[in-house]
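Residue numbers begin at 1 in each chain, while the letters A, B, ... track the order of the sequences.
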Amino acid sequence: MPELPEVETVRRGLNELTQNQQIEGGDVLLARTIAHPSSINDFLAGLKASKIIQWHRKGKYLLAQLSPGFGWLGVHLRMTGQLLWLQQDEPLQKHTRVRLFFAQNQELRFVDQRTFGKMWWIPASETPESVISGVKKLGPDPFDPEFTVDYLVEKLKNRRRPIKTALLDQELIAGIGNIYADEALFLSKISPTTLCTALSKEQISRLREAIIQVLQTSIEAGGTTFSNFLNVKGINGNYGGVAWVYNRNGEPCKICGSVLGRIKLAGRSAHFCPECQS
DNA sequence: GGTACTACCTGGAGGC
DNA sequence: TGCCTCCAGGTAGTAC
């Protein structure tokens, strides 16, 4: 499932491959993939003849700045979405949802098994924040200067919920999902069930450092190999081999040898070491 | 306002 | 082999 490092990996690949390329047309194979505008024809007409200037990332959202007057193209990969840069005559994947056609027979193909992924065309008269409600509510990116220890302390001080649940809240920190929340909590030696109100400033500082470290490591590895993440060139990432706890329940902890556990928190699985994170 | 729960959705895994 | 159930999880909507 794409989280910040995977989305960042995709963004870098898209900037490498699609910058200054002109969208010549498209095809929407699954209408509900298009979140805005409500008309598929308007979506395709709005993009036609635009050029991709640059891809940006806000949390897990990808935002393509289009040539002047054309606005923006927004994409969220959600659980299983993939953006692939292919030749148009390559056979369609089973779960192909949207195709955007470019010159020289090239294509940007949106493939999404579980159909949760979304795309938006935002006219130049509007902004991504005004059209995509999720973007408007995003907290700071973990690499933003405003993501400080003091910011986290302030945001967590009155929250009576488990820290694992808080880390998944995109209004608090943008871009963290289930995998990296578990990994960051392990690295900072904090149990996922610890209430935010019970965390000391020293623990919060450790957690902040761990979040940045784990995300940076994964970006450098090209994203995770968990699930079916592929970058734009269709290549799997390399983070899976270095996971400390995620999806390793029942296996020994790499630090102390204890059997790793898994619990449910707010409907999501949390993986942890009962000894290191006590 | 803060928090928890549920729906959305598909395919793989496991049980029978 | 075939059928059924459970599980995975990001976000939006809803309930408390």
How many whole angstroms separate atom [atom1] of [X] from atom [atom2] of [N]?
X        : N      : atom1 : atom2 : value
A/Leu167 : B/dT3  : CG    : C1'   : 16 Å
A/Ile179 : C/dG10 : CD1   : C1'   : 12 Å
A/Leu138 : C/dG10 : CG    : P     : 14 Å
A/Asp182 : C/dG9  : CG    : P     : 8 Å
A/Arg114 : B/dA7  : CZ    : P     : 17 Å
A/Arg32  : B/dA7  : CZ    : P     : 17 Å
A/Gln82  : B/dG11 : CD    : P     : 13 Å
A/Leu265 : C/dA8  : CG    : P     : 12 Å

- [ ] Would you classify A/Lys60 as touching base, sugar-phosphate or nothing, given that sugar-phosphate means primed atoms plus P, OP1 and OP2, and contacts are heavy atoms under 4.0 Å?
- [x] sugar-phosphate
Spell out, as yes or no, whether a donor-acceptor pair under 3.5 Å connects the side chain of [X] to the backbone of [Y].
X        : Y        : result
A/Gln170 : A/Gly139 : no
A/Lys60  : A/Ile176 : yes
A/Lys58  : A/Asp141 : no
A/Gln277 : A/Lys189 : no

Open item on the list: Please confirm whether the shortest side-chain N or O distance from A/Thr165 to OP1 or OP2 of B/dT3 is below 4.0 Å.
Closed with: no
- [ ] Determine: side-chain N/O of A/Gln170 to OP1/OP2 of C/dG10, distance under 4.0 Å, yes or no.
- [x] no
Open item on the list: Applying the Watson-Crick and G-U wobble criteria at under 3.5 Å, what pairs with B/dG1? Answer none if nothing qualifies.
Closed with: none
TODO: Using the closest heavy atom to pick a nucleotide of DNA chain B for each, name whichever of A/Arg78 or A/His95 lands nearer the 5' end.
DONE: A/Arg78
Task: Residue met sooner reading DNA chain B from 5', once A/Pro162 and A/Thr115 are mapped to nucleotides - done: A/Pro162
In terms of side-chain heavy atoms of [X], which of [options] is nearest?
X        : options               : value
A/Gln113 : C/dG10, B/dG11, B/dT3 : B/dG11
A/Ser269 : C/dA8, B/dT3, B/dC9   : C/dA8
A/His76  : C/dG9, C/dG10, B/dT10 : C/dG10
A/Leu168 : C/dG9, C/dG10, C/dA12 : C/dG10

TODO: Classify the angle between the aromatic ring planes of A/Tyr61 and A/Trp120 as parallel (below 30°), tilted (30 to 60°) or perpendicular (above 60°).
DONE: tilted
Open item on the list: With nearest nucleotide decided by heavy atoms, which residue, A/Gly134 or A/Lys264, maps closer to the 5′ end of DNA chain C?
Closed with: A/Lys264
Open item on the list: Looking at A/Arg268 and C/dT11, is any side-chain donor or acceptor paired with a base atom of the opposite kind under 3.5 Å?
Closed with: yes
TODO: Check the geometry between A/Phe116 and C/dT11 and answer yes if their rings are stacked (centres below 5.5 Å, planes below 30°), otherwise no.
DONE: no
